[in-house]
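Computation of the quantities below employed the complete heavy-atom set of this structure, encompassing side-chain atoms and omitting hydrogens, waters and symmetry-equivalent molecules. Letters go in sequence order (proteins before strands), and every chain restarts at 1.
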Amino acid sequence: MNDIKEKLHGFSVNEFQQDLINWFLAEKRDLPWRKDQDPYKVWVSEIMLQQTRVDTVIPYFNSFITKFPTIEALADADEEEVLKAWEGLGYYSRVRNLQAAVREVKEVYGGVVPNNPEELGKLKGVGPYTKGAILSIAYNIPEPAVDGNVMRVISRILSIWEDIAKPKARKLFEEAIYELIDKEDPSSFNQGLMELGALICTPTSPSCLLCPVREHCSAFVEGVQAELPIKSKKKKPKPLQMAAVVLYDNEGNLYIHKRPSTGLLANLWEHPNVEVTQSKSKTYREQLTEYLESEYEAKVNLSELIGTVEHVFSHLIWNISVYSGEVKNKPKETLKRITKQELEQHAFPVSHQKITKMWGEH
DNA sequence: AAGTCGGGGAC
DNA sequence: GTCCCAGACTT
């Protein structure tokens with residue numbers, strides 16, 4: 001039985017708001033995106049924080065804002081430079097969508113981030129959570145910002161046993177937040193819920209004895225805080241066998257490839273590589289040689305195996321056999337010739353940074 | 001509703 | 001090894 005208003009009978013909304021907000025104002029972490037309420041900086045931080053921990057984001061946020069301090073600066077930047085600033089953060093479509101949205105704000109909204117749900121929610125990469133976060137934190141508008149923290153905290157506070165992994169669960173929690181949110185300080189309320197989830201109401205072994213709202217917490221009263229939230233497991237990533245080569249010529253140049261503009265690691269650079277299959281008559285090394293010839297018209301003598309790289313994604317695992325090789329001719333233009341120094345101007349996925357490092361050390 | 005899309009830290 | 005993180009988009 002998950003009728004929110006039913007659960008709120010006897011629940012002191014005002015006291016809950018004050019206990020949460022007072023705790024947040026006293027204990028909140030000093031984070032770089034909390035220095036002001038600039039909607040652009042709030043926006044950038046919220047995109048970076050999607051599925052990414054605070055400690056990981058901090059250095060990226062600081063350097064990103066230094067490089068692109070304003071909407072104008074980000075709108076006018078080259079995508080290559082923007083991707084480089086995101087290198088290693090993952091989910092790279094986040095920053096490509098962010099730049100597209102920032103360009104729209106510059107052109108359509110005169111450089112002012114919209115302060116209403118309708119226009120804000122239409123921007124690329126701004127979903128239900130980010131929309132609510134920007135409205136509440138930058139503009140102090142009482143809209144829910146339901147992320148993983150909020151679903152965990154509220155599931156315990158109100159004893160909600162819905163599976164939070166299901167898409168429809170978020171709407172239930174938004175409904176709850178509309179009832180609970182402080183209209184005077186929605187910014188501190190929303191951030192307080194997330195801060196509580198990050199510092200106190202953690203996934204495993206929550207620190208209930210330190211919790212500022214434990215007397216409002218249904219799960220604590222019932223002693224089931226460790227059972228909540230309910231979250232179904234996702235399936236395991238699928239392994240994929242790859243072969244890659246660090247390709248060079250006799251003048252010290254390297255040859256790299258730009259990935260397609262859609263899909264996995266879109267628009268990032270990589271060492272030439274191909275998926276290979278086992279138990280055929282051909283070795284990985286032979287399959288890679290034939291691929292380089294057919295795809296890039298590159299005549300290459302590959303080295304023996306330098307080593308292997310394993311890289312785990314959310315939904316797949318790359319097992320990469322790494323080779324090096326000297327090109328004997330001029331390959332197709334789809335391979336870009338660069339010097340070793342120019343490597344650092346290109347954004348590579350971490351898996352291919354591992355390959356570069358392995359080659360440098362072998 | 002389920003799959004795609006990164007990477008790293010905590011346990 | 002496992003889980004999960006200040007989620008959004010596509011199909």
Side-chain angles (χ1 to χ4, degrees), chain A residues 24 28-29 31-34 42-61 83 86-98 100-101 120-138 144-154 163-171 173-174 177 187 189-199 201-205 229 231-238 240 259-268 270 310-318 347-354:
Chain A
F24 174 70
K28 66 178 178 182
R29 290 169 289 179
L31 301 174
W33 47 91
R34 287 180 176 166
V42 172
W43 186 4
V44 170
S45 74
E46 292 303 338
I47 300 297
M48 284 190 173
L49 285 162
Q50 289 170 8
Q51 298 293 286
T52 311
R53 292 184 150 70
V54 165
D55 290 337
T56 302
V57 166
I58 290 173
Y60 281 93
F61 177 83
L83 278 174
W86 208 267
E87 184 185 45
L89 248 194
Y91 287 146
Y92 298 93
S93 67
R94 287 184 295 176
V95 76
R96 300 201 308 126
N97 288 338
L98 173 62
L120 198 52
K122 281 183 196 160
L123 296 171
K124 273 188 187 169
V126 179
Y129 163 75
T130 304
K131 176 177 60 178
I134 293 172
L135 289 172
S136 60
I137 298 172
V146 175
D147 69 337
N149 283 313
V150 172
M151 287 197 282
R152 181 173 61 257
V153 171
I154 297 300
D163 183 355
I164 67 169
K166 301 293 185 187
K168 69 170 191 177
R170 198 198 73 249
K171 298 183 74 71
F173 289 93
E174 285 179 349
I177 297 300
S187 172
F189 181 87
N190 279 346
Q191 291 188 77
L193 281 181
M194 294 187 273
E195 198 84 340
L196 192 67
L199 301 180
C201 196
T202 49
T204 59
S205 59
K231 186 170 187 177
S232 55
K233 306 183 198 305
K234 42 191 159 186
K235 62 174 202 176
K236 292 184 208 166
K238 173 180 148 190
L240 217 55
R259 294 180 60 86
S261 59
T262 59
L264 183 67
L265 304 168
N267 281 358
L268 270 68
E270 64 183 1
E310 181 188 85
H311 195 79
V312 180
F313 298 87
S314 307
H315 58 300
L316 55 90
I317 303 176
W318 279 354
F348 286 82
V350 169
S351 50
H352 283 251
Q353 295 176 31
K354 293 178 186 170

Whole-angstrom distance between B:dG8 and C:dC3, as gauged at atom C1': 12 Å
Within the side chain of A:R94, is there an N or O that forms a donor-acceptor pair under 3.5 Å with the backbone of A:M48? yes
Just by modelled atom types, is the A:G197 backbone N or O under 3.5 Å from a matching donor or acceptor in the A:R152 side chain? yes
Under 4.0 Å, heavy atoms only, any strand: does A:L265 hit a base, just the sugar-phosphate, or nothing? sugar-phosphate
Look at all strands and tell whether A:R29 reaches a base, only sugar-phosphate, or nothing, counting heavy atoms closer than 4.0 Å. base
Report the distance from atom CG of A:L268 to atom P of B:dC5, rounded to the nearest whole Å. 13 Å
Ignoring hydrogens and angles, does a donor from either the side chain of A:R53 or the base of C:dC4 sit under 3.5 Å from an acceptor on the other? yes
Would you call A:R259 and A:E270 a salt bridge, using N to O less than 4.0 angstrom? yes
Any base atoms under 4.0 Å from A:S314, or only sugar-phosphate, or nothing? Heavy atoms, all strands. base
What is the distance, to the nearest angstrom, from the OH atom on A:Y60 to the P atom on B:dG7? 9 Å
For A:F348, give me all partners under ring-ring contact (aromatic ring centres under 6.0 Å, His included), at least two apart in sequence or on another chain. A:H271
Scan A:V126 against the nucleic acid and name what it touches under 4.0 Å (heavy atoms): base, sugar-phosphate only, or nothing. sugar-phosphate
Find the distance A:R170:CZ to C:dG7:C1' and express it as a whole number of Å. 9 Å
What does A:T130 touch in the nucleic acid at a heavy-atom separation under 4.0 angstrom: a base, only the sugar-phosphate, or nothing? sugar-phosphate
Without decimals, in angstroms, what is the distance between A:F313 CZ and C:dC4 P? 21 Å
Crowded around A:K354 NZ? As in, over 12 foreign heavy atoms under 6.0 Å? yes
Which part of the nucleic acid, if any, lies within contact of A:Y129, taking any heavy atom under 4.0 Å across all strands shown: a base, the sugar-phosphate backbone alone, or nothing? base
Distance, rounded to the nearest Å, where A:L49 contributes CG and B:dG6 contributes P: 18 Å
Between B:dT4 and C:dA6, how many Å separate the two P atoms, rounded to a whole number? 24 Å
Between A:P167 and A:Y92, which residue's closest nucleotide on DNA chain B lies nearer the 5′ terminus? A:P167
Which whole-number value in Å describes the distance from A:M151 CE to C:dC4 C1'? 12 Å
Base, sugar-phosphate alone, or nothing: which one does A:R96 contact when heavy atoms must sit under 4.0 Å apart? nothing
Just how far, in rounded Å, is P of B:dG6 from CG of A:L83? 11 Å
Under 4.0 angstrom, heavy atoms only, what part of the nucleic acid is A:G263 near: base, sugar-phosphate, or nothing? sugar-phosphate
Could you check whether the side chain of A:T52 and the base of B:dG6 have a donor-acceptor pair of N or O atoms closer than 3.5 Å, going by distance alone? yes
Between C:dC3 (C1') and A:I164 (CD1): distance, integer Å: 12 Å
